[in-house]
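Whatever order the structure lists ligands and atoms in, that order sets their numbers, starting from 1.
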Amino acid sequence: MVNHRFKKGEDYASKLDLEDPLAKFRARFYVPEETIYVDGNSLGLLSSDSEKSVLRVLNEWKTLGIKGWLNAKPPWFYFAEELGAMCARLVGAEAAEVVATGTTTVNIHSLVNTFYQPRGKKTKVLADELTFPTDIYALRSVVRLRGMNPRRDLVLASSTENRFLNEDQITEMMTENIALVFLPSVLYRSGQLLDIQQLTKEAHERGIPIGFDCSHSVGVVPHHFDKWDVDFAIWCSYKYLNGGPGGTAFVYVNKDYFDREPALAGWFGYVKEKQFDLNIDFESAKSAGGWQISSPPILSSAPLEGSLRIILEAGIDAIREKSLKLTSFLIYLVDSLLSKNPYNFSIGTPREHKRRGGHVAVEHTEGMRISEALRAKGIVSDFRPPNVIRIAPIPLYNTFHEVWEITQHLKTTIDSKEYRRFPKKRREIP
Ligand SMILES: *Cc1c(COP(=O)(O)O)cnc(C)c1O
């Protein structure tokens with residue numbers, strides 16, 4: 001990966017946009033008017049491609065009724081597998097190893113229950129204290145439902161400065177008591193990207209299965225699940241995949257486990273050709289599709305057809321390259337314009353390319369009120385306590401000029417002390 005050398009001026013930012021091979025994709029997204037939208041790591045924007053695929057599915061429902069299950073294009077009956085095959089190309093997996101199904105937290109329950117097989121002294125799940133809380137809630141409840149004690153059997157790797165995890169330290173915790181490791185790919189607050197390949201290798205050397213929550217990385221960081229030999233992974237579709245609010249999520253199951261019985265069985269996980277025999281003995285599909293539970297939510301899967309098509313067209317490597325350039329430019333501008341008195345912004349994201357995902361944590365003790373002041377100026381970023389303004393310039397629809405503008409706004413917010421007008425109380429949905 002090239003090391004970037006930047007300049008500070010507005011002209012220079014515009015020049016980067018002119019040279020940007022992905023610039024043309026912005027026209028396919030609905031960017032809210034008078035807004036700089038850098039919150040695509042929480043909810044990606046709608047594209048005209050997704051709008052078309054949703055309208056097509058609505059029309060199929062309108063005109064075909066139940067016949068849509070086989071006569072829609074593609075047939076709804078195979079839609080989850082089709083979307084899985086498209087997404088598989090983003091994560092270095094075979095088509096059969098990925099399926100669009102369920103929602104992230106439910107998929108954690110389903111996959112962790114499948115891979116967590118406590119026996120003898122091996123009873124513990126190893127996770128970390130910086131992961132997104134829903135992952136911890138789910139892990140605790142799995143451990144409890146399996147008759148174990150979450151206080152004893154869920155162990156959390158601790159962090160440095162509440163920001164970073166250390167792979168070597170996590171590895172040291174992979175002891176003989178650990179039955180399963182479950183970790184995030186990118187930390188939702190600091191944006192640190194963990195070394196999935198190294199962690200997988202270390203876990204396997206100790207005979208421990210390992211899974212990852214890649215909600216914060218799929219669509220912006222290339223993954224090579226097969227090459228890395230990851231056992232399973234889950235991720236949501238509404239962040240960098242632009243699949244729409246609460247859209248259908250994804251699971252990856254390494255083909256080595258296709259024979260394993262899914263812990264949460266349901267009729268859509270049945271062997272496809274025989275599902276409608278409606279036999280009461282369950283026989284799971286020998287693919288990730290076996291981990292489906294219910295009828296696929298066709299309407300909340302439909303946007304993915306359009307949005308995955310765009311990502312595949314742009315290419316995940318080109319997306320990653322631009323993402324790193326955008327975030328490096330942001331880091332450079334914050335460092336050179338905003339790090340000293342009276343601005344005092346700092347970067348809470350690792351600077352090495354291979355250690356960061358798609359967003360930058362810009363830290364400030366007044367982060368919450370500054371984030372509100374930015375929103376009032378039409379800049380949609382978000383705030384995560386205690387002091388992190390998360391800024392995610394999205395390669396498919398943000399520009400270098402927008403990154404430049406954001407840093408100018410950060411500067412004037414402090415110069416004019418505007419942020420002091422905003423209450424110190426956090427809003428319900430930051
Ligand atoms: C976004 C995200 C989720 C979201 O869970 P839902 O069940 O889709 O609400 C879970 N885990 C991580 C790490 C996330 O980033």
I'd like a table of donor-acceptor pairs (distance under 3.5 Å, sequence neighbours excluded) in which one partner is a side-chain atom from residues 173-188, with atom names and distances.
from   : atom 1 : to     : atom 2 : distance (Å)
Glu176 : OE2    : Lys121 : NZ     : 3.1
Ser185 : OG     : Asp213 : O      : 3.4
Ser185 : OG     : Ser217 : OG     : 2.6

Restricting to side chain to side chain donor-acceptor pair (under 3.5 Å), what partner residues turn up for Ser300, sequence neighbours left out?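 Applying side chain to side chain donor-acceptor pair (under 3.5 Å) to Ser300 gives none.
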
Looking at Tyr397 versus Phe25, is the centre-to-centre ring distance below 6.0 Å?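 Centroid separation for Tyr397 and Phe25: 6.0 Å or greater.
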
Are Phe225 and Phe232 near enough that their ring centres are under 6.0 Å apart?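 Phe225 vs Phe232: aromatic centres not under 6.0 Å.
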
List by chain and number: which residues place a heavy atom under 4.0 Å from ligand 1?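 Contacting ligand 1 under 4.0 Å are Thr104, Thr105, Phe132, Thr134, Asp135, Asp213, Ser215, His216, Tyr238, Lys239.
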
Is Lys272 close enough and on-axis enough to Tyr78, meaning under 6.0 Å and within 45°, for cation-pi?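 Yes, cation above the ring, under 6.0 Å and within 45°.
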
Do any pairs count as a salt bridge (Lys or Arg N to Asp or Glu O under 4.0 Å) and have a residue in residues 390-408, sequence neighbours left out, and if so which ones?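 Pairs touching residues 390-408 that pass the test: Arg26-Glu402, Asp382-Arg390.
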
